[in-house]
Q: 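Here it is, the structure, as structure tokens.
For clarity, every value in this text was computed on a predicted model and none was experimentally measured. Each residue takes its place number in the sequence, starting with 1. Counting starts at 1 for both ligands and their atoms, in listed order.
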Amino acid sequence: MPDACVHDTPDTPQAPPCTLVIFGAGGDLTKRLLMPALYNLAGGGLLDEKFSVLGVDHNPLTDDGWRDDLTKTMDSFTKDPSAEFHAERIDPRPWGFVRDRLHVMQGDFSDEATFKELAGRLTGNVVFYLAVSARFFGPVVEGLGKAGLLKQTDDAFRRVIIEKPFGSDLASAKALNQTILAQGEEGQFYRIDHFLGKETVQSLLAIRFANAMLEPIWRRDYVDHVEITAAETIGVEERGRFYEPTGALRDMVPNHLFQLLTMVAMEPPGSFDAEAVRDEKTRLVTAIRPVTPENAVRGQYAAGREAGKDVPAYRDEPDVAKDSRTETYVALKLEIENERWSGVPFFLRTGKRLADRRTEIAVHFKPAPFTLFRGTDGGDLAPNVMRLRIDPKPGSATHLNVKRPGPQMHLSVIETGFCYGDFFDPAPTVGYETLIYDCMMGDPTLFQRADTIEASWAAVDPLIQAWKDAPVCFYPAGAPGPKEADDLLARDGRSWLPLGDTRTEDA
Ligand code: BG6
């Protein structure tokens, strides 16, 4: 641990009293992420005494039964270090705080009676959390609107958190926006993208705009290209039913990868005011030239090996068609048509069952002028690369050229960097804490606005349409991706940073 270890003790105010209504109370998201997030918020003293949760589920659940189930699930996290939330022990104080405030009711999401019952039970501030399948987003918001549950007063806010996927293409996203905005104001809707709940994604703005040495070179005059990678080693797991009609493009690109893209490429906002930030994001996404199939690769994993074990092909996963053409991998070349980035390609790739678990942004700078080092044994001057690492080990690493010790001028590339964990206590978060807290506080900065979502879908819509019947290229599970993705960069004389390269992990 360096001497300059910093402990963050912000004076964060408590959220106002409110009821959190969770549609999908018995679902996976509630168990895996929402409850741990509430537990962490309670642990930080950020929930008001009058905070409460009302779960709604189509299955019959009782308050006591639900409390017991969730207590068991929370306990099970102590035995599973690979869970999104893991703790050595569950502290009975914060968990007791949450547990005692849990209530549940049975209700059909498309039945008027559910919303009538809710209207009879709810007063004051309410956050409605739609932890349900996307097909219920519209019906639930309509149900809330018709029952008068979205009417706000000076003393009571009514807000709705909507999970992803928000639409499945441009037309459906527009239609969903229209449906929900017929029931309430834009400011009441909080469209979630959990990448924005990641501390290190939020920190990208600080890295860019709080360090004067970076901003002048963060543009086309100095940057050659940018790589954005979200590589996973896991397969589709038990999510075949969701994944089959979705695929990697819809699942990851216009949402998560574009969030990383906006953070790394947007213009500095005038302030951290939510609308100032979201205006800049929309401006950036609107400047993306719509992607065409020539600039894209779609892949699907075949059988292979992952972590020393044989793993099946995507087509042999549960709930997946034997002749499925759903992509589990996508690589894109994006062009951004604005003053800062014109001519700088942004290469994005994401996939499942790849050689490495890694989410990062790599900014490749143009090489230094060669003249001074001509004739030395430096080989080609390696361009500087700044890697901003999000997962699994958040931090940053920059490749620099230095002189190798010895009598002659020989160059070597070294890596210099830092890990967040070396400077800050690892915060016990699952990423949803900030999002739930911000919604209760009425701060939509980390949520997607209607226009940003529509602009994002617009950028990939030509590809979605063109890919309706397109074949996929196969890659063996455990590989860095299909060969065609390498060709996409090779065409421009560039190559991806290797996946599976662990050098930075040791930096
Ligand atoms: C989800 C996708 O939104 O993000 C998953 O539906 C994906 O398919 C996940 O695995 C990746 O998130 P993270 O935080 O694990 O990188």
Q: Check ligand 1 against His256 and write out every atom of the ligand that is under 4.0 Å from a heavy-atom position of the residue.
A: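 In order of number, 1 (C), 3 (O), 4 (O).
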Q: Which of the numbered atoms in ligand 1 are below 4.0 angstrom from a heavy atom of Lys352?
A: 5 (C), 7 (C), 8 (O), 10 (O)
Q: May I ask you to list the atoms of ligand 1 that are less than 4.0 angstrom from any heavy atom of Lys198?
A: 13 (P), 14 (O), 16 (O)
Q: Any atoms of ligand 1 less than 4.0 Å from a non-hydrogen atom of Lys164? List them with their elements.
A: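 Those qualifying, in numeric order: 1 (C), 2 (C), 3 (O), 6 (O).
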Q: Measure the distances from the heavy atoms of Glu84 to every atom of ligand 1 and state whether one is below 4.0 angstrom.
A: no
Q: Working to the nearest 0.5 angstrom, can you tell me the gap between Glu484 CD and Tyr475 OH?
A: 12.0 Å
Q: Looking at non-hydrogen atoms alone, which of Arg357, Arg239, Glu232 comes nearest to atom 5 (C) of ligand 1?
A: Arg239
Q: Kindly assign one of parallel, tilted or perpendicular to the pair His256 and Phe195, based on the angle between their ring planes and the thresholds 30° and 60°.
A: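 Correct class here is parallel.
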Q: Given the side-chain rings of Phe136 and Phe23, with only the six-membered ring counted for Trp, is the space between their centroids under 6.0 Å?
A: no
Q: Which of the numbered atoms in ligand 1 are under 4.0 angstrom from any heavy atom belonging to Asp251?
A: 2 (C), 5 (C), 6 (O), 8 (O)
Q: Determine, for Asp319 against Arg239, whether the closest basic-nitrogen to carboxylate-oxygen distance falls under 4.0 angstrom.
A: no
Q: Nearest protein heavy atom to atom 12 (O) of ligand 1, by residue and atom, and its distance?
A: His194 NE2, 3.1 Å
Q: Does the side chain of Tyr314 come under 3.5 Å of the side chain of Glu327 through a donor N or O and an acceptor N or O?
A: no
Q: Can you tell me if Glu237 contacts ligand 1 (heavy atom of the residue under 4.0 Å from the ligand)?
A: no
Q: Hey, is Phe195 touching ligand 1 through its side chain, its backbone, both or neither, going by heavy atoms under 4.0 Å?
A: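 Answer for Phe195: side chain.
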Q: Quiz question: by atom type and distance under 3.5 Å, do the side chains of Ser172 and Asp169 form a donor-acceptor pair?
A: yes
Q: Could you check whether Glu244 and Ser324, counting side-chain N and O atoms only, form a donor-acceptor pair closer than 3.5 Å?
A: yes
